[in-house]
Amino acid sequence: MGQATIGLQHFLALSTVLFCIGMYGALSRRNAVGVLLSIELMLNGVNVMMVAFNKYIGTAQSGAFDLTGQLFAIFIMAVAAAEAAVGLAIIIAVYRLRRTVAVDRLDLMRG
Amino acid sequence: MTEMPNSAEPVYVAIAFYVLAAVAVLGGLFMVSSRDMVRSALSLVLTLGSIAGLYVLLSADFLAVVQVLVYVGAIMILMLFAIMLTPGQVELPVSTQVIQKGIAGLVAVLMGVISLFVVTSTPWSLRPNPLDQETSARLGELMLTDFVLPFEIASLVLTAGLIGALVIARED
């Protein structure tokens, strides 16, 4: 790293940083929607990594147009959308019952 | 004839990458540290937009547009609606927050350091010429031939997820 041309390692480093920021948010936020936002950031970090691998990794014979990484990223987006929808529906239902979405107050199942 | 990123001057590519990466990381940092939920969501929108720009740098033209349409245009709107429907939730600090944020920060930094070490020291088998073609037609072709099973299952997952979300969030 440190050359003028941007290569695979630049994108992988960015992806790692985004993933770790998202992980910090998911572990430390008190609002449940905030936790979901941090999870979306983690998923985006992984998406960047997938697309970077698709562009830069391969063998000399990979003349065939291989887009597996980008397809992975599209399917990750689809699953992230479904997961965000269901997660937010659960949060809204919990708010209706308990009037709070702070994760430390939602401890009914704690022993 | 579209210009693809590999034919651009490396200096311009480097400037674009560093600007977009800085915006993405700063947006992420602001998102995890803001107490106001709306500001948090809007800074994540900024991050997702700059990630769409990074996809353009990575020659993923279709994916960049899909990122804006799906992530920024749908998922973040959904998050903003949820923030609207759960009002009054400004994150006031409690006494255990300091310890929790400390441990979370430690875990995140540790994981980041280890991952960065692995990423920069692995001998990746790089292609001699990075991929640089238009992707939309080929993505459609792959989705209906090699990847038809994940494609169909993804539509099932989305349908089931949306019906489930409707049932859970319904007023009754």
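Side chains are part of it too, since the values below use all heavy atoms of this structure and drop only hydrogens, waters and symmetry mates. Each chain gets a letter, A, B and so on, in the order its sequence line appears, and its residues count up from 1.
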**Student:** Could you tell me which portion of B:Ile51 (side chain, backbone, both or neither) has an atom closer than 4.5 angstrom to a non-hydrogen atom of chain A?
**Tutor:** side chain

**Student:** Do A:Cys20 and B:Val109 pass the side chain to side chain contact (heavy atoms under 4.5 Å, CB included) test, and can you show the C-alpha distance, the side-chain angles, and the key distance before you say yes or no?
**Tutor:** CA-CA 7 Å; A:Cys20 292; B:Val109 164; over 6 Å; no

**Student:** Which heavy atom of A:Ala78 sits nearest a heavy atom of B:Leu158, and at what distance?
**Tutor:** O-CD2, 3.5 Å

**Student:** Could you please spell out the steps behind the side chain to side chain contact (heavy atoms under 4.5 Å, CB included) verdict for B:Leu58 and A:Tyr56?
**Tutor:** CA-CA 9 Å; B:Leu58 283 167; A:Tyr56 287 108; 3.9 Å; yes

**Student:** Can you list the other members of the hydrophobic cluster that holds B:Leu116, where links are side-chain heavy atoms under 4.5 angstrom apart?
**Tutor:** none

**Student:** Passes side chain to side chain donor-acceptor pair (under 3.5 Å), A:Glu40 versus B:Tyr71? Steps please.
**Tutor:** CA-CA 9 Å; A:Glu40 293 298 328; B:Tyr71 254 115; 3.3 Å; yes

**Student:** Tell me whether B:Val56 shares a hydrophobic cluster with A:Val48, the cluster being built from Ile, Leu, Val, Met, Phe, Trp, Tyr side chains joined at under 4.5 Å.
**Tutor:** no

**Student:** Closest approach of A:Ala89 and B:Ala169, non-hydrogen atoms and distance?
**Tutor:** CB-CB, 3.9 Å

**Student:** What's the spacing between B:Thr122 OG1 and A:Gln9 CD if we round to 0.5 Å?
**Tutor:** 8.0 Å

**Student:** Could you identify which residues cluster with B:Leu46, counting Ile, Leu, Val, Met, Phe, Trp and Tyr as linked when any side-chain heavy atoms lie under 4.5 Å apart, either directly or through a chain of such contacts?
**Tutor:** B:Val23

**Student:** Working to the nearest 0.5 Å, report the span between CE of A:Met23 and OG of B:Ser115.
**Tutor:** 8.0 Å

**Student:** I'd like to know whether the aromatic ring centres of B:Phe17 and A:Phe11 sit less than 6.0 Å apart in this structure.
**Tutor:** yes

**Student:** Quick one: CG on B:Leu126 to CG on A:Leu8, what's the gap to the nearest 0.5 Å?
**Tutor:** 6.0 Å

**Student:** So how far is it from A:Ser28 OG to B:Ile103 CD1, rounded to the nearest 0.5 Å?
**Tutor:** 11.5 Å

**Student:** If you look at every heavy atom in B:Phe62 and A:Ile74, which pair is closest and at what distance?
**Tutor:** CE2-CD1, 4.0 Å

**Student:** Side chain from CB out, backbone as N, CA, C, O: work out which of these in B:Thr47 comes under 4.5 Å of a heavy atom of chain A, or both, or neither.
**Tutor:** side chain

**Student:** Would you name the heavy atoms of A:Ala85 and B:Leu162 that are closest together and state the gap between them?
**Tutor:** CB-CD2, 4.1 Å

**Student:** Taking it one step at a time, do A:Ile21 and B:Met31 satisfy side chain to side chain contact (heavy atoms under 4.5 Å, CB included)?
**Tutor:** CA-CA 9 Å; A:Ile21 294 174; B:Met31 188 271 291; 5.9 Å; no

**Student:** Who in residues 74-83 of chain B is close to chain A, using a strict under-4.5 Å heavy-atom cut-off?
**Tutor:** B:Ile75, B:Met76, B:Leu78, B:Met79, B:Ala82, B:Ile83

**Student:** Among Ile, Leu, Val, Met, Phe, Trp and Tyr joined by side-chain contacts under 4.5 Å, find the other residues sharing a cluster with A:Leu106 and list them by chain and number.
**Tutor:** A:Val86, A:Ile90, A:Val94, B:Ile168

**Student:** Taking atom CZ of B:Phe147 and atom CG of A:Leu67, what is their separation to the nearest 0.5 Å?
**Tutor:** 9.0 Å

**Student:** In terms of ring plane angle, is the pair B:Trp124 and A:Phe53 parallel, tilted or perpendicular, where the classes change at 30° and 60°?
**Tutor:** tilted

**Student:** Counting only heavy atoms from other residues, nucleotides and ligands, does the tally under 6.0 Å from CZ of A:Arg96 exceed 12?
**Tutor:** yes

**Student:** Does the pair B:Gln97 and A:Asp104 meet the rule for a side chain to side chain donor-acceptor pair (under 3.5 Å), with working shown?
**Tutor:** CA-CA 10 Å; B:Gln97 273 283 65; A:Asp104 55 330; over 6 Å; no

**Student:** What part of B:Leu48 gets closer than 4.5 Å to chain A, counting heavy atoms only: side chain, backbone, both or neither?
**Tutor:** side chain

**Student:** Where is the tightest heavy-atom contact between B:Leu63 and A:Gln70, given as atom of each residue plus distance?
**Tutor:** CD1-O, 4.0 Å

**Student:** Applying side chain to side chain donor-acceptor pair (under 3.5 Å) to B:Ser59 and A:Lys55, what does each step give before you reach the verdict?
**Tutor:** CA-CA 7 Å; B:Ser59 315; A:Lys55 173 162 182 165; 3.0 Å; yes

**Student:** Step by step, would you call B:Leu131 with A:Asp66 a side chain to side chain contact (heavy atoms under 4.5 Å, CB included)?
**Tutor:** CA-CA 9 Å; B:Leu131 200 63; A:Asp66 181 33; over 6 Å; no

**Student:** Is there side-chain contact between B:Leu57 and A:Ile6, with heavy atoms separated by less than 4.5 Å?
**Tutor:** no

**Student:** Quick one: closest heavy-atom pair of B:Ser33 and A:Arg29, and the distance?
**Tutor:** N-NH1, 4.2 Å

**Student:** Any side-chain heavy atom of B:Lys101 sitting closer than 4.5 Å to one from A:Tyr24?
**Tutor:** yes

**Student:** Can you tell me how far the CZ atom of A:Phe65 sits from the CD atom of B:Glu141, to the nearest 0.5 Å?
**Tutor:** 9.5 Å

**Student:** Pick one of side chain, backbone, both or neither for B:Thr159, based on which atoms fall under 4.5 Å of a heavy atom in chain A.
**Tutor:** neither

